[in-house]
Trainee: 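I'd like to ask some things about the structure below.
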Amino acid sequence: MQSFILHLSYLIGSVTFILGLKMLSHPETARKGNLVAAFGMTVAIFATIFLYKYQETRYAEFKHLGNLGWIFGALVLGTVVGTMAAKKVKMTAMPEMVSLFNGMGGACAMLISIVEYNHMAHEIATGVMVTPDMGMMLVIVLGMMIGTVSFAGSIIAWGKLNGSIKDKTIPGGQMINFVILGGILVLAIMVLGNMMPAMQTPMFYGIAILAAMYGVLFVMPIGGADMPVVISLLNSFTGCAAAFGGFLYSNPVMLTGGILVGSAGTILTILMCTAMNRSLKNVLIGSFGGQKAVAGEAKVGGGTYKEISLNDTAVVMAYAQNVMIIPGYGLAVAQAQHICHELEKVLEEKGVNVVYGIHPVAGRMPGHMNVLLAEADVPYEKLLEMEEANESMGSTNVVLILGANDVVNPAAKEDPASPIYGMPILEVEKAEHVIVNKRSMKPGYAGIENDLFFKPKTSMLFGDAKAVLQKLVAELKQV
Amino acid sequence: MQSFILHLSYLIGSVTFILGLKMLSHPETARKGNLVAAFGMTVAIFATIFLYKYQETRYAEFKHLGNLGWIFGALVLGTVVGTMAAKKVKMTAMPEMVSLFNGMGGACAMLISIVEYNHMAHEIATGVMVTPDMGMMLVIVLGMMIGTVSFAGSIIAWGKLNGSIKDKTIPGGQMINFVILGGILVLAIMVLGNMMPAMQTPMFYGIAILAAMYGVLFVMPIGGADMPVVISLLNSFTGCAAAFGGFLYSNPVMLTGGILVGSAGTILTILMCTAMNRSLKNVLIGSFGGQKAVAGEAKVGGGTYKEISLNDTAVVMAYAQNVMIIPGYGLAVAQAQHICHELEKVLEEKGVNVVYGIHPVAGRMPGHMNVLLAEADVPYEKLLEMEEANESMGSTNVVLILGANDVVNPAAKEDPASPIYGMPILEVEKAEHVIVNKRSMKPGYAGIENDLFFKPKTSMLFGDAKAVLQKLVAELKQV
Amino acid sequence: MDAIKEMVIMFLRHYDLVTVVILSIFLGIEVISRVPSVLHTPLMSGANAIHGVVIIGAIIVMGKAAPDDYLSLVLGFLAVILGTLNVVGGFVVTDRMLEMFGKKKKK
Amino acid sequence: MDAIKEMVIMFLRHYDLVTVVILSIFLGIEVISRVPSVLHTPLMSGANAIHGVVIIGAIIVMGKAAPDDYLSLVLGFLAVILGTLNVVGGFVVTDRMLEMFGKKKKK
Ligand SMILES: NC(=O)c1ccc[n+]([C@@H]2O[C@H](COP(=O)([O-])OP(=O)(O)OC[C@H]3O[C@@H](n4cnc5c(N)ncnc54)[C@H](OP(=O)(O)O)[C@@H]3O)[C@@H](O)[C@H]2O)c1
Ligand SMILES: NC(=O)c1ccc[n+]([C@@H]2O[C@H](COP(=O)([O-])OP(=O)(O)OC[C@H]3O[C@@H](n4cnc5c(N)ncnc54)[C@H](OP(=O)(O)O)[C@@H]3O)[C@@H](O)[C@H]2O)c1
């Protein structure tokens, strides 16, 4: 009967994971979906602690799990630390947090494999088992390998996102990666084929070390801005590692949970690439860098641009009827969301109608702008999605672009040779005036020139977004 | 190794079923999807024949299946008959064919259960088994029950569709059904509880008989036009029955195939109902009949209508620039698709531009009109889907409605009290002239009056669609 | 109560199969839920052919029947025929339906 | 070649699990394939929390460790902590992200 309840709990776990993922992919139900999955997870965890039984040797009696004190200790510790970290983290630092948690999962899978390996090695050493069970060994090695790659990769991704690790292209990196992969393969075959029984353990740990190296080298050269995509990919790796755990213990909830995440994560990775109009391969070998130079060269000196003074900007905006603010990555970098909200309020007091035009991939993670502006308490009705924004562009007097670049680049519509060709953009040229705030004429994420800056309608307002906005607000209060 | 290949084949089967269903739900890939599933099925069947092994008693050796001659005989016979039947059947009789095949599947599940029951009963009688294995018994009884309901129901549905069985409302039918279900439940509990060991076999067959009765009574009162929905439902029943077979033999391909169809069939049933703007409950208890009287009463004598002569029709059409033909159930009943195509050609020769406006639920099965007109070789470009048709309605001079009624009923847009309220319709009133061909002023499928017939733009052209069109074509040739 | 206990045992023995069932249910729903209405009939027909997989059970029944167990042989024979009709007829009819749609597509 | 044979055996023993794997793959693809881009980050985060189910493995490892097997105890302890971080942190962070979206929805 206990075993029945255990299995039922696992079934509940699997079902809640499916439902949770399903609900997470619709805006209205997303939050509930997360809770549903969390509920299922709790059920599965407690069912395991209290109801799981195992045999020490084949004919021994079934026993409940021991060391409950340790287990609960670890659970409580993890819960407290995890909750605090997750609650305290700033909105904009969330992707790095996710990456860190993902790494923890990978490390967990790795540790499980190591313990199980030791256990098996011990049984062989003491003669309980004659030769290693190769099926088990395969699962252990694979779980350990993927878990380690995911762990190492996630830590690097985390470091990149919080700025402590800089992008680095290692010369001959591709080559080195191949060599490492080859090494892993050779060692894995030798371990699985039981070719050098005496060397099993060193070889096993050799795989672990190589896998860690691979994880590091795999993520290292990828541009910091591509990290969300990479994290999503590492996410699906950890999912697979969890699934191998499921094989190890014939545990269907680990299996469904792991594989679901593995496949959903892969699709999500691809979707994220598509939203940015890039291919996964492109992201992984970072070929944007290559195109950058070429495109930049072809376009250098694309024309002349005109600047606008803070004073003029304030006047133009104060006497406009409809203003649209288009935030981009620069706004997030400058952390200017609060002062931006301030600007909006000042304008509204003067009877100006202000809205925000939100491009789906503005910033560096999907929904970045929504999250950023929500943090500054900008009301939701003021955020227009791309289609809406483009529709009301015609009746907009002034468009103020704050640190956005690629998402307003007309090359996406006009220049088939451009690497961002085909990406939908915010069509700011339909508005009367366009004011662009950025610090220089440097390109944005995609590394390409933006013709918009040279258009007659456009005026440039150089400077750090936060500083400029502060002055602008001050000016406006005097107009 | 053989067992490995067998299992691999089953895996292939499961995967092709999933892929097949997926592809079947997109127009471009549908046909290939069907072939993919058929391929997987073939693999699974032959793998079973040659690689499946069983034990006669627990410690006996594993044996291959015997009676291969009989098996191949049956396979060949079934293939020949099935192919011929499927090839020869007329397009419009396809739903009844599907129903018949579905019934075969149900009967197959039923027979399997019966043989397995006999086998078990025999083992108990000869003392090989002491008490029946209740888990097995449950699966056997359920598979038999659902298979039988599906078989009996499908045969009735088939009879209704080909006209040999007429709609019949049995007085107190609901009551009788409950009694039968109760009887099945009681018998099943007694069989499963092994309450009267001596009576097991009679009770088992009792369940079969009651299930057959239930299947008949369940389908009998449902209107002939609702049969596609019912067939889809019975389809998912058979899927479940197949899945019970999967449990019986721990066979994952039967399980996935059966359950996939079971759940997909259920959703499909609901989708089909939604497309007709009805609820499943509504279909099953046939409450349209009830509303029919009320709606009819309220609207009786809704106004006067005007008739148009054949001659005038011919003239109006011949001198029109754009004509749209709207086919409906009446066209299918009259089998007038060929002469309709003829009409179209005659008009085109006279320089009239003819298109067809196809409503998604015109006729009695989804896609009915597409299939019907395809049979008469009407070119595909001439068929406009509802939205397209409504868009070009404004520039249409003459709309000729051939045996359609509900799909052009303005009540669906105007009268919230109407049972079809909310269903999208072909908005024929936007055209210059509307000519309606039907045999009388009687209502169509939904049983409600159609205000369209009384509108000033509308003229009625009474008569059987085929006869009228023949005369119309003759007239036109003389104009 | 014995019956219930046996069913629990059954559930445990076939536990992985239960997981398969649940996943299949979700998958069936997901796969179908966005099918356009023109395809309802062919899809119904294709699904009909797929549940013909019950024929595998019929083949097993038939193949296990002792050569002198005429009842089982006859019933099994019938079952295989019916199952084949379901499978073959189902796929062929579906193909014909889809041919109709396809033919028009190409022109 | 022994290794291959053992893997075949492994496959057969876990055959139902393999079916579960395949169904889960399809299900994952189906469920996610139409998610709007604003939800990419929370979805990634939610999925991240779900694979924290690996913690069950950690609990089993820990629970089976003999009281004097310090290496296993320590590693297991660490594994449970890391797994918990993954699960709890993942769900909480996701909830916070979605709260942001939700808050705005309601107004
Ligand atoms: N959202 C996602 O999921 C995601 C993920 C990865 C990549 N991406 C990619 O990121 C890009 C997003 O486009 P975007 O228009 O938001 O950004 P962007 O094209 O990267 O442009 C950002 C601009 O902000 C300016 N800037 C930087 N710091 C600033 C500061 N402190 N004050 C004012 N301006 C500052 C920069 O110009 P200066 O240096 O001259 O100031 C830069 O041109 C797209 O190409 C997208 O594909 C998106
Ligand atoms: N497509 C599907 O999947 C499906 C399935 C089930 C139900 N339905 C329902 O069926 C209806 C379909 O609408 P519909 O407009 O096609 O058909 P309808 O509303 O049923 O009307 C058909 C009309 O054709 C006339 N008719 C019958 N025989 C005729 C003949 N030999 N010659 C000329 N006219 C003839 C009838 O009027 P007279 O008797 O006066 O001639 C009748 O009013 C909808 O209500 C839909 O919900 C559809």
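Within every chain, numbering begins at 1; the chains are lettered A, B, ... in the order of the sequence lines, protein sequences first and strands thereafter. Predicted model, so just to flag it, every value in this text is computed and none were measured. Only this structure's heavy atoms are used, side chains among them; waters, hydrogens and symmetry mates stay out.
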Trainee: Side chain, backbone, both or neither: which part of Asn118(B) has a heavy atom under 4.5 Å from chain C?
Mentor: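 Contact with chain C is through the side chain of Asn118(B) alone.
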
Trainee: Quick one: which of Thr256(B), Leu255(B), Leu77(B) has the most heavy-atom pairs under 4.5 Å with chain C, could you say?
Mentor: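 If we count pairs closer than 4.5 Å to chain C, Leu255(B) comes out on top.
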
Trainee: Kindly indicate whether the side chain of Ile18(B), heavy atoms from C-beta on, has any atom under 4.5 Å from the side chain of Leu260(B).
Mentor: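 Yes, side chains in contact.
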
Trainee: Examine whether an atom of Leu35(B) lies under 4.5 Å from a heavy atom of chain C, and if so say whether it belongs to the side chain, the backbone or both; otherwise answer neither.
Mentor: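 Looking at Leu35(B), just its side chain touches chain C.
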
Trainee: Heavy-atom cut-off 4.5 Å, strictly under: side chain, backbone, both or neither for Leu27(C) against chain B?
Mentor: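 It is both, since atoms from each part get that close.
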
Trainee: Where does Phe244(B) contact chain C at under 4.5 Å (heavy atoms): side chain, backbone, both or neither?
Mentor: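 Neither part, no heavy atoms under 4.5 Å.
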
Trainee: Please rank Ile267(B), Leu111(B), Asn34(B), Thr48(B) by heavy-atom pairs under 4.5 Å with chain C and give me the top one.
Mentor: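 Going by pairs under 4.5 Å, I would pick Asn34(B).
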
Trainee: Please state whether the side chain, the backbone, both or neither of Val87(C) comes within less than 4.5 Å of a heavy atom of chain B.
Mentor: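 Only the side chain of Val87(C) comes within 4.5 Å of chain B.
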
Trainee: Report yes or no: does Thr269(B) contribute a side-chain atom to a donor-acceptor pair with the main-chain N or O of Gly265(B) at less than 3.5 Å?
Mentor: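 Here the side-chain-to-backbone pair exists.
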
Trainee: Under 4.5 Å heavy-atom distance to chain C, tell me which part of Tyr249(B) shows up: side chain, backbone, both or neither.
Mentor: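 Looking at Tyr249(B), just its side chain touches chain C.
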
Trainee: Between Leu71(C), Leu73(C), Ile59(C), which shows the greatest number of heavy-atom pairs under 4.5 Å with chain B?
Mentor: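 Of Leu71(C), Leu73(C), Ile59(C), Ile59(C) has the most heavy-atom pairs under 4.5 Å with chain B.
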
Trainee: On the 0 to 90° scale, with breaks at 30° and 60°, tag the Phe77(C)-Trp70(B) ring pair as parallel, tilted or perpendicular.
Mentor: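 Taking Trp70(B) first and then Phe77(C), their aromatic rings stand perpendicular (interplane angle over 60°).
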
Trainee: Considering only heavy atoms, which portion of Met254(B) lies under 4.5 Å from any heavy atom of chain C: side chain, backbone, both, or neither?
Mentor: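 When you check distances to chain C, atoms from both the backbone and side chain of Met254(B) fall under 4.5 Å.
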
Trainee: Measuring heavy-atom distances to chain C, does Ala243(B) have an atom under 4.5 Å in its side chain, in its backbone, in both, or in neither?
Mentor: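 For Ala243(B), no heavy atom lies under 4.5 Å from chain C.
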
Trainee: I'd like to verify something: which residue of Val35(C), Val53(C), Val61(C) has the highest number of heavy-atom pairs under 4.5 Å with chain B?
Mentor: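 Top count of heavy-atom pairs under 4.5 Å with chain B: Val53(C).
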
Trainee: Any heavy-atom pair between the side chains of Tyr54(B) and Ile60(C) that's under 4.5 Å?
Mentor: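 A side-chain contact under 4.5 Å is absent here.
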
Trainee: So for Leu68(B), is it side chain, backbone, both, or neither that comes closer than 4.5 Å to the heavy atoms of chain C?
Mentor: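 The answer is neither part of Leu68(B).
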
Trainee: I'd like to verify something: which residue of Gly239(B), Cys240(B), Gly245(B) has the highest number of heavy-atom pairs under 4.5 Å with chain C?
Mentor: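 With the most close heavy-atom pairs to chain C, the winner is Gly239(B).
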
Trainee: If I measure from the heavy atoms of chain B, does Ala49(C) come under 4.5 Å with its side chain, its backbone, both, or neither?
Mentor: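 For Ala49(C), the contact with chain B is made by the backbone alone.
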
Trainee: So which heavy atom on Gly143(B) is nearest to which on Ala241(B), and how close?
Mentor: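 Of all heavy-atom pairs spanning Gly143(B) and Ala241(B), the closest is O-CB, 4.0 Å.
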
Trainee: At a heavy-atom separation under 4.5 Å, does Lys87(B) approach chain C through its side chain, its backbone, both, or neither?
Mentor: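 For Lys87(B), the contact with chain C is made by backbone and side chain together.
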
Trainee: With chain B, which of Asp69(C), Leu75(C), Asp16(C), Val18(C) has the greatest number of heavy-atom pairs at distances under 4.5 Å?
Mentor: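 It is Leu75(C).
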
Trainee: For the NZ atom on Lys32(B), are there more than 12 heavy atoms of other groups (residues, nucleotides or ligands in this structure) within a distance under 6.0 Å?
Mentor: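 Not more than 12 within 6.0 Å, no.
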
Trainee: Is Val89(B) close to chain C through its backbone or its side chain, or both, or neither, when contacts mean heavy atoms under 4.5 Å?
Mentor: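 Val89(B) touches chain C through backbone and side-chain heavy atoms alike.
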
Trainee: Is the backbone N or O of Met386(B) less than 3.5 Å from a side-chain atom of His359(B), with the two atoms forming a donor-acceptor pair by type?
Mentor: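 Pair absent, no side-chain N/O of His359(B) close to backbone of Met386(B).
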
Trainee: Counting only heavy atoms closer than 4.5 Å, note whether Leu21(B) contacts chain C via side chain, backbone, both or neither.
Mentor: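 It is both, since atoms from each part get that close.
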
Trainee: Just give me the residue among Gly78(B), Gly20(B), Gly103(B) that pairs up with chain C most often, heavy atom to heavy atom, under 4.5 Å.
Mentor: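 Going by pairs under 4.5 Å, I would pick Gly78(B).
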
Trainee: Name the region of Glu116(B), side chain, backbone, both or neither, that has any atom closer than 4.5 Å to a heavy atom of chain C.
Mentor: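 The answer is the side chain of Glu116(B).
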
Trainee: Based on non-hydrogen pairs under 4.5 Å, which of Gly82(B), Ala86(B), Gly246(B) is most in contact with chain C?
Mentor: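 Heavy-atom pair counts peak at Ala86(B).
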
Trainee: If you tally heavy-atom pairs under 4.5 Å against chain B, which of Leu23(C), Ile55(C), Ile32(C) wins?
Mentor: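 Max contact count across the listed options: Ile32(C).
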
Trainee: Taking side chain as everything from C-beta outward and backbone as N, CA, C, O, which of these in Leu138(B) sits under 4.5 Å from a heavy atom of chain C? Side chain, backbone, both or neither.
Mentor: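 Contact with chain C is through the side chain of Leu138(B) alone.
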
Trainee: Okay, side chain of Asn251(B), backbone of Ile56(C): is any donor-acceptor separation there less than 3.5 Å?
Mentor: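 Checking the backbone N and O of Ile56(C) against the side chain of Asn251(B), no donor-acceptor pair under 3.5 Å is found.
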
Trainee: Can you check whether Met23(B)'s main-chain N or O pairs, donor with acceptor, with His26(B)'s side chain at less than 3.5 Å?
Mentor: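 Between the backbone of Met23(B) and the side chain of His26(B) there is no qualifying donor-acceptor contact (under 3.5 Å).
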
Trainee: Donor-acceptor check, side chain of Ser99(B) to backbone of Ser154(B), threshold 3.5 angstrom: yes or no?
Mentor: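 Checked: pair present.
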
Trainee: Could you have a look at Met62(C), His40(C), Arg34(C) and say which one has the most heavy-atom pairs with chain B under 4.5 angstrom?
Mentor: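 Among the listed options, the one with the most contacts to chain B is His40(C).
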
Trainee: Taking the side chain from Ser232(B) and the backbone from Pro228(B), do they hold a donor-acceptor pair closer than 3.5 Å?
Mentor: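 Answer holds: no.
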
Trainee: Within the structure provided, determine whether Phe101(B) and Val98(B) are in side-chain contact (heavy-atom separation under 4.5 Å).
Mentor: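 No, side chains not in contact.
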
Trainee: Side chain, backbone, both or neither: which part of Lys88(B) has a non-hydrogen atom closer than 4.5 Å to chain C?
Mentor: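 Contact with chain C is through the backbone of Lys88(B) alone.
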
Trainee: For the residue pair Cys108(B) and Ala58(C), what are the closest heavy atoms and their distance?
Mentor: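 Cys108(B) and Ala58(C) have their closest heavy atoms at SG-CB, 3.8 Å.
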
Trainee: Mind checking whether Thr41(C) and Ser45(C) have side chains closer than 4.5 Å, heavy atoms only?
Mentor: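 No - every pair of side-chain heavy atoms lies 4.5 Å or more apart.
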
Trainee: Met272(B) versus chain C, heavy atoms under 4.5 Å apart: side chain, backbone, both or neither?
Mentor: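 Looking at Met272(B), backbone and side chain both touch chain C.
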
Trainee: Looking at His122(B), I'd like to know if its NE2 atom is crowded, meaning that more than 12 non-hydrogen atoms belonging to other residues, nucleotides or ligands lie closer than 6.0 Å.
Mentor: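 Open.
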
Trainee: So, for Gly52(C) and Asn86(C), which heavy atoms are closest and what is the spacing to 0.1 Å?
Mentor: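 Distance-wise, the nearest heavy atoms are CA-OD1, 3.5 Å.
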
Trainee: So which residue, Val361(B), Asn67(B), Asn235(B), Ile259(B), ends up with the most heavy-atom pairs under 4.5 Å with chain C?
Mentor: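 Highest number of pairs under 4.5 Å: Asn235(B).
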
Trainee: State, yes or no, whether a side-chain contact exists between Asn102(B) and Ser150(B) at a heavy-atom distance under 4.5 Å.
Mentor: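 Sidechains of Ser150(B) and Asn102(B): in contact.
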
Trainee: What option among Ser72(C), Gly46(C), Ala79(C) has the most heavy-atom pairs under 4.5 Å with chain B?
Mentor: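 The candidate making the most pairs under 4.5 Å is Ala79(C).
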
